[in-house]
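A short write-up of the structure that comes next.
Order of the sequence lines fixes the chain letters, A, B, ..., with proteins taken first and strands second; residue numbering starts at 1 for each chain. Since the model is a prediction, treat every value here as computed from it, not as a measurement.
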Amino acid sequence: DGGITQSPKYLFRKEGQNVTLSCEQNLNHDAMYWYRQDPGQGLRLIYYSQIVNDFQKGDIAEGYSVSREKKESFPLTVTSAQKNPTAFYLCASNPPGDRNEKLFFGSGTQLSVL
Amino acid sequence: AQSVSQHNHHVILSEAASLELGCNYSYGGTVNLFWYVQYPGQHLQLLLKYFSGDPLVKGIKGFEAEFIKSKFSFNLRKPSVQWSDTAEYFCAVKYSSASKIIFGSGTRLSIRP
C-alpha cells in the first residue's frame, strides 16, 4: 500500500538531547512537509521541501532541522535549542502539479520531554 | 502576513442540527482553499477543496463550503450533522505566490447523540 510512514509513534526526549523523527513516503511525491500540532493552535508549518536537496523554513523553524537527501525521506531533528518540543508532529506530502494540492498525512509522532 | 483564522474553537451541536464553521484568510492574491478533517484516532484527510470556478464546492459526507472572495471566507457547512461527524476540522489555504500550505487553528466539533 502506498502512503506515508512516520516513526516512532511515541518518542521521549531528555533535556539537552537531539532527537530525530522519521518520515518516509512511497507515493513518489516531490513535496514533503513537517507540521507541529498543539491543542488550540492547529497545525503550524516547521519545514517543507519541494524537491530533493532543497528545503525551506516554515513559520516555526527555530530549534528544528531537516534534510532531504532522498525523495522518499524527510527526517526532522528536534534539537536542544527547541525549548518547548512537546507536541504531536505530522509529516505530509503532496503530488506535483497545481491542481494536486491534496496533502497526504502520516499517522504522526507524539514527542514528550522527560 | 499570510494567515488563516478559524474563530470557532469548539462547537457543540445536537444530531440533525445544521453546521457552519467559519474560515477567513488574509489577502494575498489568488488562493486555493481546503477543509481537512481529523476523526478521533485517524489521519487528517481532505474533506473538500476549492481551486476555481463554482464558489460552492461539495465534499465528502454531505459537507459543502462556499468561497466568498469579497469576504476572504471559505465557510464549511452541513445541513444536518450526525454523531459520526465528531472530529476536528481544519481550514487551509495555499497562496499562489507561495509553495506552502497554511492551516488554521482548527475547530473541534462535538455532536450530542
Aromatic plane relationship, F74(B) with Y50(B) - under 30° parallel, 30 to 60° tilted, over 60° perpendicular: tilted
R44(A) and D38(A) ion-paired at < 4.0 Å: yes
For the student: nearest non-hydrogen atoms of C23(B) and V4(B), plus distance: SG-CG1, 3.7 Å
Toward chain B, the part of L45(A) with a non-hydrogen atom under 4.5 Å: side chain
CZ-CD distance between R77(B) and E66(B), expressed to the nearest 0.5 angstrom: 4.5 Å
Parallel, tilted or perpendicular: rings of Y35(A) and Y33(A) (30°, 60°): parallel
Check: F63(B) ring centroid to Y89(B) ring centroid under 6.0 Å: yes
Neighbours of chain B found in residues 51-80 of chain A - heavy atoms under 4.5 Å: D59(A)
Under 4.5 Å from a heavy atom of chain A, the part of Q38(B) involved: side chain
Partner chain B: residue of A31(A), G108(A), G42(A) with the largest heavy-atom pair count (under 4.5 Å): G42(A)
Lys/Arg cation over aromatic F104(A): K102(A), 6.0 Å, 45° cone: yes
Residue Q50(A) versus chain B: region with a heavy atom under 4.5 Å: side chain
Ring geometry between Y25(B) and F72(B) (parallel below 30°, tilted from 30 to 60°, perpendicular above 60°): perpendicular
Region of E88(B) in contact with chain A, defined by heavy-atom distances below 4.5 Å: side chain
